[in-house]
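First the proteins, then the strands, lettered A, B, ... as listed; each starts at 1.
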Amino acid sequence: MSTPAEHPAPTPADRPLNFIEQIIEQDNAAKKWGTWPDGTPRVQTRFPPEPNGYLHIGHAKSICLNFGLAKKYGGKFNLRFDDTNPTKEEQEYVDSITNDVKWLGGDFDGPNGGGLFFASDCFEQMYNFAEELIRKGKAYVCELSADEVSKRRGTPQIPSTSPFRDRPIDESLRLFREMKEGKHPNGSMTLRAKIDLASPNFNLRDPVMYRILHETHPHTGAEWCVYPMYDWAHGFEDSAEGITHSICTLEFEDHRPLYDWFIDAVNEGRTDDGRGPWGKKIHHSQQIEFAKFRPTYTILSKRNLLKMVEDGHVRGWDDPRMPTIAGLRRRGYTPESLRNLMEDVGVTKVESSIDIGRLENAVRDHLNKVAPRAMAVLRPLKVVIENWPEGKVDMLDFVVNPEEQARGGSGGTRKVPFSKVLYIEHEDFMEVPAKKFFRLAPGQEVRLRWAYFIKCASVVKDAAGNITEVRCTYDPATRGGDAPLNPDGTPARKVKGTLHWVSAEHAIPAEVRLFDRLFTAEEPGKRTGNHIDDLNPNSLEVLTAHIDPALKDAKPGERYQFERLGYFCVDPDTTPAKLVFNRTVTLKDTWAKVAGKD
RNA sequence: UGGGGUAUGGUGUAACGGUAGCACGAGUGACUCUGACUCACUUAGUCUAGGUUCAAAUCCUAGUACCCCAACCA
């Protein structure tokens, strides 16, 4: 199995608090948000994706952050679809997002879960609040087209204008109702908040609250033809769900005044006890912004990811080369490794980029602990053991997880067949060995992992001079891979190199997909403005490997370490007739570094 | 140009007027039946210029660099 042991994600209590935790702890100390029935200070967070694409590694940070906070402070975490724009949203995305959030551990319906929500469930209420704002003189229907609004936008110094700004309340109310009833075409009018047309913050220059969209919505069907804009809707969704800390990314920083303005506008004239002309005050959560997760050699904008899929640069949203959660999962990443990484990079307001190598390290780290080992040869070189009897098969003990063994566990063993004809990795042999190359070479002795010491006797080449076969002898006294012992118990001789191998007649074929990064530039598109120019033409290499027969019935999603090669995950393309593996990541390769220097 | 943000080793992050620390990377070595893992050591930093102070990454002043904002997207 791919996960023999459950490794809880670390919750380092000794780690210094990040700035959001500091805010929360101050709030908790002041009981700013009240308490849960059991007396714990209330903390409620949410992850609010728009269902217009697949989730990616950047979203993973937000999910881990928001869920992590709810868990740490005994609060609740909501999953909420911010589905206010039916022109872009689809059920497929709702499904994939729900799945990905759960997979990552964003347990919105577990013990720290507040539940699953849709912004569209609040449409009725939001609409009523919008009418209230009109009646309070804080919103008006504007009949400017998008183009005209743009033209009248002004500059930082010159205010925007709208000839409809001072239209009578009754007229706005009538028109807004007509908008809702479908009496006006798309784009003919909008509801705008009456804030400040001269504000240096353009978000406050009478932002649009509602636009007309005669469109079917994945969640509400044909019920509505007016849809709320993000700024108007978002604070309400938070309010309705009782969110305490509304965490978003940095680019929303100058939307915060608007976020607050809308809630304050509704609360104007309302009272705590609800005895006033407008009723009871609504909950006003606190927006907090943090910096995105930005890995190198990666694009993350949904638009560009969608284009990669549509233009066929990858095989789909879940292509193992994609930075999507679905892609990473298929590639073999574990939720634990992603959570650990997010914990590791921390939370700040500094726009920083994360070396993509840290992702690779994170998954190596976790898989090293949990992945069972196996042997597989990617690029075979035939080895014939000259002094091995024809037809003889030796079943040797193979330790399934040496890491577990090192930690005091059994590690488990299983049998692996050894016979006269073997395959080793082609690059593990050099006819003229380089400096410090302590693998197989003429006259040189190496260990075959868990098997025997072998020594290279001769090399067979084809007409073109390519090495086709290496002939070796084995030492029967080294069975199991241990050196013969001196009388005092010390090894009689040492070999520097240990190679992985498979028995040619027993090994089974499997398709193995080797991935490299999708882009060759640290910041794709920086050079030419188009990330496609930085695509790595060699991001996928497919070959047929010879693998340990014990993996014959491996199931999609299972993860293994192919010893000395890397971590591999069984791909869903696997059928009973054909195994397919994805290489998640290679092992660290110090030799490659050394060899590369010469 | 107006508004909103952010600057600490190569990277990510701590230090909240009092010894600039941690992690990753990199380098060296040890160990090793995975050139993996593990372990040890080394490496290298407060954007600039002034000022306040016994003492400044931290406070003040003036700069500089980078990011975001003028969708009926979120």
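Atom NZ of A/Lys292 has 12 or fewer neighbouring heavy atoms from other residues, nucleotides or ligands inside a 6.0 Å radius.
At a cut-off of 3.5 angstrom, counting only N and O atoms as typed in the model, there is a donor on one side and an acceptor on the other between the side-chain of A/His255 and the base of B/rA74.
Residue A/Phe437 is classed as a base contact, given a heavy-atom separation below 4.0 Å to a base. As judged by a 4.0 angstrom heavy-atom cut-off over every strand, A/Pro402 is placed among the base-contacting residues. Here A/Thr296 lies out of heavy-atom contact (under 4.0 Å) with every strand. Across all strands shown, A/Leu359 has no heavy atoms under 4.0 Å from either base or sugar-phosphate atoms. The residue A/Thr190 sits close to a base: some heavy atom pair falls under 4.0 Å. Using a 4.0 Å heavy-atom cutoff across all strands shown, A/Met229 reaches sugar-phosphate atoms only and no base atom. A/Glu563 comes within 4.0 angstrom of a base, heavy atoms only. Nucleic acid contact class of A/Tyr227 (heavy atoms, under 4.0 Å, all strands): none.
Here the separation of B/rC47 from B/rU58, taken at their C1' atoms, is 15 Å to the nearest Å. Taking atom C1' in both B/rC69 and B/rA74, one finds a spacing of 14 Å when rounded to whole Å. The same atom, C1', is picked in B/rG25 and in B/rG9; the two are 11 Å apart, to the nearest Å. A gap of 39 Å separates the P atoms of B/rA40 and B/rA55, to the nearest Å. Separating the P atom of B/rA62 from that of B/rG27 is a span of 46 Å, rounded to the nearest Å.
An OP1 or OP2 oxygen of B/rU32 is reached within less than 4.0 angstrom by no side-chain nitrogen or oxygen of A/Lys496. Checking the phosphate oxygens (OP1, OP2) of B/rA26, a side-chain nitrogen or oxygen of A/Lys593 falls inside 4.0 Å. A sub-4.0 Å separation between OP1 or OP2 of B/rA74 and a side-chain N or O of A/Thr84 is present. Neither OP1 nor OP2 of B/rA71 sits under 4.0 Å from any side-chain N or O of A/Arg211. Considering only side-chain N and O atoms, A/Arg15 lies nowhere under 4.0 angstrom from the phosphate OP1 or OP2 of B/rA15. When the side-chain nitrogen and oxygen atoms of A/Arg373 are compared with OP1 and OP2 of B/rU34, none of them lie within a distance under 4.0 Å. A/Lys588 has a side-chain polar atom (N or O) that falls below the 4.0 Å cut-off from OP1 or OP2 of B/rG25. Regarding contacts with the backbone of B/rU13, every side-chain N or O of A/Arg358 stays at 4.0 angstrom or more from both OP1 and OP2. A/Ser160 has no side-chain polar atom (N or O) that falls below the 4.0 Å cut-off from OP1 or OP2 of B/rA70.
Looking at the side chain of A/Val350, the nearest of the listed nucleotides B/rC73, B/rU34, B/rA7 is B/rA7. If you check B/rG2, B/rA36, B/rC72 against the side chain of A/Val208, the one that comes closest is B/rC72. Comparing B/rC72, B/rC37, B/rU13 by their closest approach to the side chain of A/Val149 singles out B/rC72. Side chain of A/Asp254, nearest nucleotide from B/rG4, B/rA36, B/rC72: B/rG4. Picking from B/rC16, B/rC73, B/rC72 the nucleotide with the shortest atom distance to the side chain of A/Gln22 gives B/rC16. Picking from B/rA36, B/rA74, B/rU1 the nucleotide with the shortest atom distance to the side chain of A/Gln157 gives B/rU1. Relative to the side chain of A/Thr348, the nucleotides B/rG35, B/rC73, B/rU13 differ in distance, and B/rU13 lies closest. Between B/rA7, B/rU34, B/rG5, one nucleotide has an atom nearer to the side chain of A/Leu250 than all others, and that is B/rG5. Listed candidates were B/rG35, B/rA74, B/rG12. Nearest to the side chain of A/Phe252 is B/rA74. Listed nucleotides: B/rC73, B/rG2, B/rA26. Nearest to the side chain of A/Pro156: B/rG2.
Looking only at distances, no side-chain donor or acceptor of A/Thr490 sits under 3.5 Å from a matching main-chain atom of A/Asn486. A distance-only check finds no donor-acceptor pair linking the side chain of A/Asp82 to the backbone of A/Glu50 [under 3.5 Å].
The glycosidic torsion of B/rA14 lies more than 90° away from 0, placing the base in the anti range.
At whole-Å resolution of the value, CD1 in A/Ile20 and P in B/rU13 are 13 Å apart. What separates CG of A/Asn85 from P of B/rC73 is a distance of 6 Å, to the nearest Å.
Nearer to the 5' terminus of RNA chain B, by closest-nucleotide assignment, is the contact made by A/Val345 (compared with the other of A/Val345 and A/Pro49). Of the two residues near RNA chain B, A/Arg153 and A/Ala483, the one whose nearest nucleotide lies more 5' is A/Ala483.
The nucleotide B/rG21 finds its pairing partner in B/rU13, both defining distances of the Watson-Crick or G-U wobble pair being shorter than 3.5 Å. Pairing for B/rU8 is absent, judged as Watson-Crick or G-U wobble with the two contacts each under 3.5 Å.
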For A/Val347 and A/Leu65: C-alpha separation, side-chain torsions, deciding distance, then whether side chain to side chain contact (heavy atoms under 4.5 Å, CB included) applies.
CA-CA 8 Å; A/Val347 181; A/Leu65 210 209; 3.9 Å; yes

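The cationic group of A/Lys180 lies under 6.0 Å from the six-membered ring centre of A/Tyr127 and within 45° of the ring axis, placing it in a cation-pi geometry.
Looking at A/Thr324 and A/His56, their side chains never bring a donor and an acceptor atom within 3.5 Å of each other.
Each of A/Trp232, A/Tyr210, A/Tyr227 was scored for a ring-ring contact (aromatic ring centres under 6.0 Å, His included) with A/Phe123, with one residue passing: A/Tyr227.
Checked against a 6.0 Å centroid threshold, the rings of A/Tyr230 and A/His234 count as neighbours.
Ring-base stacking between A/Trp591 and B/rG35 is satisfied, the centre separation being under 5.5 Å and the plane angle under 30°.
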